[in-house]
Amino acid sequence: MQNVTVVDHPLIQHKLTLMRDRETSIAGFRRLLREIAHLLCYEVTRDLELEMIPIETPMQPMQSPTLKGKKLVFASILRAGNGLLEGMLDLVPAARVAHIGLYRDHDTLQPIEYYFKAPSNLEDRLIIVVDPMLATANSAIAAVEKLKERGADKLRFLCLLAAPEGVEKFSRAHPDVPIFTAAIDEHLNEKGYIIPGLGDAGDRMYGTK
Ligand code: PRP
Ligand code: URA
């Protein structure tokens, strides 16, 4: 599929299996999501530009590489996006953060917005939108639209699990936004859940129902 990178590192696949298992505890689920976020973050930032700066080691002066350009923005789609966000911030602690509050109406599967707060200057920054689940893609499409309305012009979408239907719909709506995911599952069921999936990511992270 175009514009999609499946990050199939063995450690990610192993941890994802543990996350899918219904017997995995809430604490275990959260820890695994954070660990996988580290590995996904490594991949989604692989091509960041570097510039050389002068530093002095205890031995001698040298030119050494550092990240170039404006600080990254991580945009978390609440609630479940925060599980990925925490792991991403472990690796890029200086990143700016946007929070986008959306939940899916259970009947219509349309996203309902309840919160939005983002850094004011989104232009020219790489914005990585994070949410573990890309199901119908309605939430991800709405989140990216909102960010684009605020000036975002360089975006990537990072998730843990995607449905083929969601990948297709998202790519049609935002062909300029590449998707990074740990797996593409079989299909969506009639209630918009990813099959075989891992269930409701927010509920499994926070112990709600
Ligand atoms: C889940 C998930 C995504 C959305 C994906 O959130 O975290 O945001 O569903 O589904 P979609 O691709 O069909 O839009 P949910 O709406 O359950 O909210 P929550 O994170 O607060 O539990
Ligand atoms: N949201 C989830 O948390 N899980 C799914 O399978 C689909 C949407």
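In each ligand, atom 1 is the first atom listed, and ligand 1 is the first ligand listed.
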Checklist entry - In order of chain and number, which residues sit within 4.0 Å of ligand 2 by heavy atom? => result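 Shell around ligand 2 (4.0 Å, heavy atoms): Arg104, Met133, Ala135, Gly192, Tyr193, Ile194, Gly199, Asp200, Ala201.
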
Next on the checklist: Ignoring hydrogens and geometry beyond distance, is a side-chain donor-acceptor pair present between Ser76 and Asn82 at under 3.5 Å?
Outcome noted: yes

Under 4.0 Å between a Lys/Arg side-chain N and an Asp/Glu carboxylate O for [X] and [Y]?
{"X": "Arg104", "Y": "Asp200", "value": "no"}
{"X": "Glu51", "Y": "Lys68", "value": "no"}
{"X": "Glu113", "Y": "Lys146", "value": "yes"}
{"X": "Lys148", "Y": "Asp176", "value": "yes"}
{"X": "Asp203", "Y": "Arg79", "value": "yes"}
{"X": "Glu165", "Y": "Lys169", "value": "no"}

Checklist entry - Are any side-chain N or O atoms of Thr45 and backbone N or O atoms of Leu48, one a donor and one an acceptor, separated by less than 3.5 Å? => result no

Run through all N or O atoms in ligand 1 and write down each protein N or O closer than 3.5 Å, as a pair with its distance.
{"from": "ligand 1", "atom 1": "7 (O)", "to": "Asp131", "atom 2": "OD1", "distance (Å)": "2.9"}
{"from": "ligand 1", "atom 1": "8 (O)", "to": "Asp131", "atom 2": "OD2", "distance (Å)": "2.4"}
{"from": "ligand 1", "atom 1": "12 (O)", "to": "Ala135", "atom 2": "N", "distance (Å)": "2.9"}
{"from": "ligand 1", "atom 1": "12 (O)", "to": "Thr136", "atom 2": "N", "distance (Å)": "3.1"}
{"from": "ligand 1", "atom 1": "12 (O)", "to": "Ala137", "atom 2": "N", "distance (Å)": "2.8"}
{"from": "ligand 1", "atom 1": "13 (O)", "to": "Arg104", "atom 2": "NH1", "distance (Å)": "2.7"}
{"from": "ligand 1", "atom 1": "13 (O)", "to": "Thr136", "atom 2": "N", "distance (Å)": "2.9"}
{"from": "ligand 1", "atom 1": "13 (O)", "to": "Thr136", "atom 2": "OG1", "distance (Å)": "2.5"}
{"from": "ligand 1", "atom 1": "14 (O)", "to": "Ser139", "atom 2": "N", "distance (Å)": "2.9"}
{"from": "ligand 1", "atom 1": "14 (O)", "to": "Ser139", "atom 2": "OG", "distance (Å)": "2.5"}
{"from": "ligand 1", "atom 1": "16 (O)", "to": "Arg104", "atom 2": "N", "distance (Å)": "2.8"}
{"from": "ligand 1", "atom 1": "20 (O)", "to": "Arg79", "atom 2": "N", "distance (Å)": "3.0"}
{"from": "ligand 1", "atom 1": "20 (O)", "to": "Ala80", "atom 2": "N", "distance (Å)": "3.2"}
{"from": "ligand 1", "atom 1": "21 (O)", "to": "Arg79", "atom 2": "N", "distance (Å)": "3.3"}
{"from": "ligand 1", "atom 1": "21 (O)", "to": "Arg79", "atom 2": "NE", "distance (Å)": "3.0"}
{"from": "ligand 1", "atom 1": "22 (O)", "to": "Arg79", "atom 2": "NE", "distance (Å)": "3.4"}
{"from": "ligand 1", "atom 1": "22 (O)", "to": "Arg79", "atom 2": "NH2", "distance (Å)": "2.8"}

Checklist entry - Hey, are the side chains of Leu78 and His99 touching, using non-hydrogen atoms and a 4.5 Å cut-off? => result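 Yes, their side chains come closer than 4.5 Å.
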
